Amino acid sequence: WGLHLLRTPANPKTTQGMVDKMSSVASSPAIAIVGAGAALANPGAFIPLALKAISETDPTAAEYIAEWVAFALISLLPLATALVLLVVARGWTERLLGRVREWLERRVMTVAAVVILLFAVAILRNGIAGLTD
């Protein structure tokens, strides 16, 4: 089933609808762009993984706070970088983001498959490690 989904081309109407929606956000006022970027950069899916990894280090209260602050800063780094680049070199950044968007549109299924495969390998590794302990 996974291979079938990977080999099936993306629906052009759906892809174009998503691109149009993101383009309307990108042409919005600056505050809307910051809000949308913060929502897209939300590390929500990684919070359980971070919680598990941080808890396994058996931190003190101060270390716990420091590790969560580091996680928050690192997870927002791509958003901050994009915002700084948009202020410093807007034309170059918009061209670069356009090329990246086109690359992602062409390879969306491959990127999704790689992410799912990496998650599967991590879960399998954790499961095997749990059985051997």
Side-chain angles (χ1 to χ4, degrees):
W1 182 72
L3 288 175
H4 169 72
L5 285 179
L6 182 60
R7 291 180 182 193
T8 304
N11 184 346
K13 279 187 171 183
T14 306
T15 303
Q16 189 58 43
M18 289 181 200
V19 169
D20 291 342
K21 187 179 283 189
M22 289 306 296
S23 295
S24 69
V25 170
S27 62
S28 298
I31 191 67
I33 293 173
V34 171
L40 291 172
N42 181 357
F46 297 105
I47 289 175
L49 297 172
L51 180 61
K52 180 182 178 291
I54 290 171
S55 297
E56 287 176 346
T57 63
D58 195 26
T60 65
E63 290 170 338
Y64 192 77
I65 291 170
E67 289 182 21
W68 272 108
V69 167
F71 171 75
L73 292 175
I74 291 169
S75 65
L76 292 174
L77 192 59
L79 173 63
T81 303
L83 291 174
V84 167
L85 284 173
L86 280 171
V87 170
V88 173
R90 186 171 190 88
W92 177 82
T93 303
E94 287 176 346
R95 287 190 304 274
L96 176 64
L97 290 174
R99 287 194 308 267
V100 170
R101 182 182 73 192
E102 291 169 4
W103 183 88
L104 281 172
E105 287 173 7
R106 289 191 307 268
R107 293 169 179 83
V108 67
M109 295 303 285
T110 304
V111 171
V114 168
V115 169
I116 290 170
L117 180 66
L118 291 174
F119 268 130
V121 168
I123 290 170
L124 185 62
R125 182 190 62 85
N126 289 343
I128 292 171
L131 289 173
T132 58
D133 286 338

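Any value given below was found using the heavy atoms of this structure, including those in side chains, with hydrogens, waters and symmetry copies removed. Residue numbers run from 1 in the order of the sequence given. All figures in this text were calculated on a predicted structure; none of them were measured in a lab.
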OG1 of Thr110 to CG of Leu117, rounded to nearest 0.5 Å, is 12.0 Å
Kindly indicate whether the side chain of Thr57, heavy atoms from C-beta on, has any atom under 4.5 Å from the side chain of Tyr64.
-> no
Nearest-0.5 Å distance that lies between atom CG in Leu97 and atom CG in Leu104 | 10.5 Å
Value rounded to 0.5 Å, distance of CD1 in Ile54 from CH2 in Trp68 = 4.5 Å
Supply the atom-to-atom distance Leu83 CG to Thr93 OG1, rounded to the nearest 0.5 angstrom.
-> 10.5 Å
Heavy atoms, side chains only, cut-off 4.5 Å: are Val111 and Trp103 in contact?
-> yes
Hey, quick one: are Ile116 and Leu124 part of the same hydrophobic cluster, counting side-chain heavy atoms closer than 4.5 Å, chains of contacts allowed?
-> no
Atom CD in Glu102, atom CZ in Arg107: separation rounded to 0.5 Å?
-> 11.0 Å
Please round to the nearest 0.5 Å and tell me the distance separating atom CD of Glu94 and atom CZ of Arg99.
-> 12.5 Å
Do Leu96 and Leu85 share a hydrophobic cluster, counting only Ile, Leu, Val, Met, Phe, Trp and Tyr and linking them when any side-chain heavy atoms are less than 4.5 Å apart?
-> yes
same_hphob_cluster(Ile123, Val115) at 4.5 Å side-chain heavy-atom cutoff = no
